[in-house]
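Inspection log for the structure reproduced underneath, given as structure tokens.
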Amino acid sequence: MRRLGILTSGGDCPGVNAVIRGAVLAGDIVHGYGFVGFRDGWRGVLEQEVVPLPRHSVRGISRLGGTVLGTSRTNPLRNGGAGAVRECFRRNGLDGLIAIGGEGTLAAASELCRQGLHIIGVPKTIDNDLGATDYTFGFDSAVQTATEAMDRLRTTGESHHRCMVAEVMGRNAGWIALHAGMAAGAHAILVPEHPVSLEQVAAWVLSARDRGRAPLVVVAEAFAPMGQIAPYAPRGLDTFGRRRLGGIGRLLEEELQARTGIETRATILGHIQRGGEPTAFDRVLATRLGIAAVQLAADGRWGTMVALRGTDIIPVDLEQALGALKVVPEARYREAAVLFG
Ligand code: F6P
């Protein structure tokens with residue numbers, strides 16, 4: 001029987017389990033593949049921690065948050081490299097691997113493919129910042145969670161006549177901030193792509209207060225106020241050498257209170273946005289990506305990843321996919337900014 005491995009690596013996100021289910025079911029029904037899963041991403045590959053993934057093991061998992069396989073930010077290129085991965089394929093009799101991950105994971109997968117390994121990528125990030133795909137699964141769920149949280153912040157803000165700051169995730173791009181902020185009717189949305197001055201934010205806050213509203217400011221974790229060159233990142237680097245973000249909301253809390261005189265409270269939503277059940281949209285997208293990934297493996301299209309273009313799932317070359325970051329375009333920001341203040 002032909003066999004494929006599956007792993008989930010990098011930050012988890014709602015919908016990962018639906019990809020696993022889609023791949024295992026379609027692999028079994030359509031192509032006659034058997035599957036094994038690796039525990040905790042590339043760590044499971046390097047340390048040979050393998051679990052069988054028969055069809056019945058994926059029953060009912062598409063509605064579950066997180067990943068049933070576990071994940072880690074282990075970088076295979078730093079910890080044994082292509083040789084160790086090749087040895088793992090050989091021992092487990094694998095034709096190839098489906099790697100579900102974000103930019104770090106897919107970059108590693110691309111390099112391993114360049115060295116001759118058989119890998120298909122499935123893009124995954126709540127940040128929605130991969131240029132090659134219109135939407136990543138997990139984004140819709142994160143936006144839904146962030147919007148619900150902001151609705152709550154607004155009711156307590158109104159009661160106390162306070163300014164509320166909500167900090168959301170988004171390492172390179174402000175998509176979660178833009179969508180959740182618009183959905184919640186925020187008075188200012190701050191994203192890394194479009195620096196604005198603290199004076200401008202304070203002016204929006206005062207204008208909302210002067211109309212009798214409790215101002216809501218939504219900020220993406222990677223936002224840097226105009227004049228500041230780097231985002232707020234006092235927590236060092238992750239295993240892929242990227243800045244660990246988070247905390248700009250607190251800085252805004254102090255600054256806005258000082259500049260406006262309005263009592264201000266910041267809430268950092270953090271990993272709340274990554275946890276919990278996927279929305280129906282994310283379950284459908286993730287299931288379709290899982291089915292398509294197995295089809296690409298069956299067709300021998302190694303070194304590609306599945307992507308959403310319009311309403312179609314298409315294959316994209318991994319190397320090409322990684323070059324392009326999808327940021328919030330100026331026009332989208334300006335459209336939202338019409339309603340600020
Ligand atoms: O890339 C996805 C993401 O959720 C970012 O938005 C965030 O900066 C990062 O992961 C957090 O990573 P960790 O779970 O390692 O703290």
Side-chain angles (χ1 to χ4, degrees), residues 11-16 65 102-103 123-155 157 164-196 201 204 208 215-224 231 245-246 248-249 252 266-286 289 307-311 324-341:
D12 68 335
C13 88
V16 167
E103 27 145 19
K124 156 222 69 80
T125 168
I126 61 166
D127 294 355
N128 196 38
D129 59 357
L130 293 177
T133 186
D134 286 354
Y135 283 100
T136 46
F137 67 84
F139 172 64
D140 188 63
S141 306
V143 168
Q144 186 62 34
T145 301
T147 303
E148 282 167 21
M150 286 173 205
D151 289 347
R152 289 169 197 273
L153 291 178
R154 292 202 70 166
T155 64
M164 305 304 281
V165 175
E167 180 185 311
V168 298
M169 281 184 167
R171 184 192 288 286
N172 305 303
W175 289 108
I176 298 176
L178 184 78
H179 280 230
M182 212 173 197
H187 300 98
I189 300 174
L190 310 177
V191 300
E193 298 88 335
H194 304 277
V196 293
V201 185
W204 283 326
L216 171 67
V217 176
V218 179
V219 60
E221 60 182 356
F223 169 78
L245 303 173
I248 179 73
L252 283 174
T267 300
I268 300 173
L269 294 182
H271 293 79
I272 297 281
Q273 295 158 96
R274 289 229 307 256
E277 294 180 353
T279 59
F281 178 91
D282 280 340
R283 293 182 206 186
V284 173
L285 175 57
L289 292 173
L308 180 70
R309 193 67 57 76
T311 53
L325 198 67
K326 186 175 69 214
V327 294
V328 173
E330 183 72 22
R332 283 293 310 272
Y333 188 72
R334 292 209 176 289
E335 178 188 60
V338 167
L339 306 182
F340 292 175

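By convention here, the first residue in the shown sequence is residue 1.
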Discussion item. Please check if the number of heavy atoms outside I272 that lie under 6.0 Å from its CD1 is greater than 12.
Written reply: no

Discussion item. My understanding is that only residues two or more places apart in sequence, or in another chain, count here; which of them pass side-chain contact (heavy atoms from CB on, under 4.5 Å) with L245?
Written reply: R171, E221, A222, P231, A233, R243

Fill in: CG-CG distance between L308 and L285, expressed to the nearest 0.5 angstrom
5.5 Å

Fill in: Non-hydrogen side-chain atoms of I176 and N128 separated by less than 4.5 Å
no

Discussion item. Determine whether a donor-acceptor pair (N or O, by modelled atom type, separation under 3.5 Å) exists between the side chain of H194 and the backbone of V328.
Written reply: yes

Practice prompt. Ignoring hydrogens and angles, tell me if any N or O in the side chain of R154 forms a donor-acceptor pair with the backbone of A184 under 3.5 Å.
Written response: yes

Practice prompt. For Q273 and M169, indicate whether the former's side chain and the latter's backbone hold a donor-acceptor pair under 3.5 Å.
Written response: yes

Worksheet item: Is a side-chain N or O of E167 found less than 3.5 angstrom from the main chain of A266, in a donor-acceptor match?
Response: no

Practice prompt. Specify the closest pair of heavy atoms between A286 and F137, including all atoms of both residues, with the distance to one decimal.
Written response: CB-CG, 3.9 Å

Practice prompt. Determine whether L190 and I248 make a side-chain contact, defined as any pair of heavy atoms from C-beta on separated by less than 4.5 Å.
Written response: no

Practice prompt. Heavy atoms only: give me the nearest G174-A220 pair and the separation to one decimal.
Written response: CA-CB, 4.2 Å

Practice prompt. Measure across A177 and V191 and return the closest heavy-atom pair with its distance rounded to 0.1 Å.
Written response: CB-CG1, 4.0 Å

Worksheet item: Looking at CG of D12 and OG1 of T125, how far apart are the two atoms once the value is rounded to the nearest 0.5 Å?
Response: 10.5 Å

Discussion item. Tell me whether R309 contacts the main-chain N or O of A132 through its side chain, where contact means a donor paired with an acceptor under 3.5 Å.
Written reply: yes

Item to complete: Locate the shortest heavy-atom distance separating I126 from F139; write the atom from each residue and the value.
Response: O-CD1, 3.3 Å

Worksheet, complete the sentence: Nearest heavy-atom contact between V168 and A146 is CG1-CB, 4.2 Å

Worksheet, complete the sentence: In short, K326 meets A173 closest at the heavy-atom pair O-CB, 3.6 Å

Fill in: Whether D282 side chain and G138 backbone form a donor-acceptor pair below 3.5 Å
yes

Discussion item. Run the side chain to side chain contact (heavy atoms under 4.5 Å, CB included) test on D127 and E103 for me, step by step, so that the C-alpha distance in whole Å, both residues' side-chain angles and the decisive distance to 0.1 Å come before the verdict.
Written reply: CA-CA 11 Å; D127 294 355; E103 27 145 19; over 6 Å; no

Worksheet item: Under the side chain to side chain donor-acceptor pair (under 3.5 Å) rule, what pairs show up with a residue in residues 173-193, not counting sequence neighbours?
Response: H179-R332

Discussion item. Less than 4.5 Å apart, side chain to side chain, heavy atoms only: is that true for V201 and V196?
Written reply: yes

Worksheet item: Between Y333 (side chain) and L178 (backbone), is there a donor-acceptor pair under 3.5 Å?
Response: no

Worksheet entry | Side chain proximity check, R283 to E277, heavy atoms < 4.5 angstrom | yes

Practice prompt. Could you tell me whether a side-chain N or O of T136 sits under 3.5 Å from a main-chain N or O of K124, the two making a donor and an acceptor?
Written response: no

Worksheet entry | Heavy-atom donor-acceptor pair, D129 side chain to L325 backbone, under 3.5 Å | no

